[in-house]
Amino acid sequence: MTSWTPIDCHAHTTMSDGDLSIEELIEIVRARGVRPSIADHLSTDVTLSVKTVEGVREYLDALEPFDVARGGEFCWHDPLWRELPDDLVSRFTHRIGSLHAVRACRDKRWISMFHRVLPDELTPAAYMTQHIDELERMAAEMPVDILAHPTLVPLPIRNLPIDELWTEALEERLVEALFRAEIAFEISNRYRPHERLVQRAHDRGVRLSLGSDGHTRAQAGDLEFPLEMAKRVGAAESALFDPYVHGTRAAR
Ligand SMILES: [Zn+2]
Ligand SMILES: [Zn+2]
């Protein structure tokens with residue numbers, strides 16, 4: 001039996017907001033002893049991204065000649081993922097869903113993870129409950145293989161201590177939603193999850209996925225932290241998400 005080579009399921013190129021060409025990314029990731037995949041932003045709501053169905057077709061055409069897994073990062077709050085025809089969906093090796101915005105106010109307007117202020121009515125605890133409400137809607141409805149950066153929260157509260165954001169009950173809800181929808185939990189190198197949550201996901205039987213979320217030469221393919229975390233929670237490398245084995249389902 002040959003040993004499993006880790007795969008970076010989440011990395012960006014110049015087709016969205018990354019610095020690297022397809023060729024450069026593949027070369028850099030391979031040089032780290034990691035298998036490459038490309039998962040650019042496919043969303044009308046990211047400034048540098050692929051924004052149309054035709055654009056997604058061209059994106060997949062561009063990836064096709066290369067020996068690289070064909071992923072894509074879709075925003076839950078954006079309509080583009082709903083508009084893709086099956087013939088395009090089936091060309092992805094894996095699809096990643098991101099909670100880049102959440103409806104966390106009485107008026108249900110979207111609050112971006114990158115806004116600099118949270119509305120006054122929201123304490124961190126009130127926000128987090130609604131964050132997980134949104135996550136549950138996403139997991140139930142969005143046909144994706146991986147939840148990107150599961151611990152990404154809005155900027156104003158991003159650096160609060162873990163215990164002020166995550167209760168065990170919220171963690172349970174997140175893990176249960178992923179388990180039911182068969183969505184993998186990304187161990188992101190960019191937005192690093194805390195061990196208790198990764199352990200909970202693994203113990204529940206949620207598959208773990210490795211993602212650099214790399215945009216630069218220094219970041220692409222850097223899986224040192226994700227691999228270390230997977231090992232710490234007792235996940236065998238061969239049990240981690242592999243797009244070629246566990247990847248995308250055209251219809252769910
Ligand atoms: Zn993202
Ligand atoms: Zn990303």
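Just so you know, ligand 1 is whichever comes first in the structure, and atom 1 is the first atom listed for that ligand. All residue numbers in this chain count up from 1 along the given sequence.
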> If you measure only the distance, is there a donor-acceptor pair under 3.5 Å linking the side chains of E73 and H12?
Replying inline: yes
> So, H41 and the Zn ion (ligand 2): N/O/S under 2.8 Å, yes or no?
Replying inline: no
> Is it true that the side chains of D213 and S188 contain a donor and an acceptor less than 3.5 Å apart?
Replying inline: no
> Counting only heavy atoms not in E195, do more than 12 fall under 6.0 Å of its CD?
Replying inline: yes
> With respect to the Zn ion (ligand 2), what is the nearest N, O or S atom of E73?
Replying inline: OE1
> Does D213 put an N, O or S atom under 2.8 Å from the Zn ion (ligand 1)?
Replying inline: no
> What is the name of the N/O/S atom in H149 that sits closest to the Zn ion (ligand 1)?
Replying inline: NE2
> Strictly by modelled atom types, are H246 and D145 linked by a side-chain donor-acceptor pair under 3.5 Å?
Replying inline: no
> Would C75 count as a contact for the Zn ion (ligand 1), in the sense that one of its N, O or S atoms lies under 2.8 Å from it?
Replying inline: no
> Going through the distances and angles, do H149 and H100 end up as a ring pair (Phe, Tyr, Trp, His ring centres under 6.0 Å)?
Replying inline: CA-CA 10 Å; H149 38 59; H100 286 142; 5.2 Å; yes
> Strictly under 2.8 Å, is any N, O or S atom of H10 next to the Zn ion (ligand 2)?
Replying inline: yes
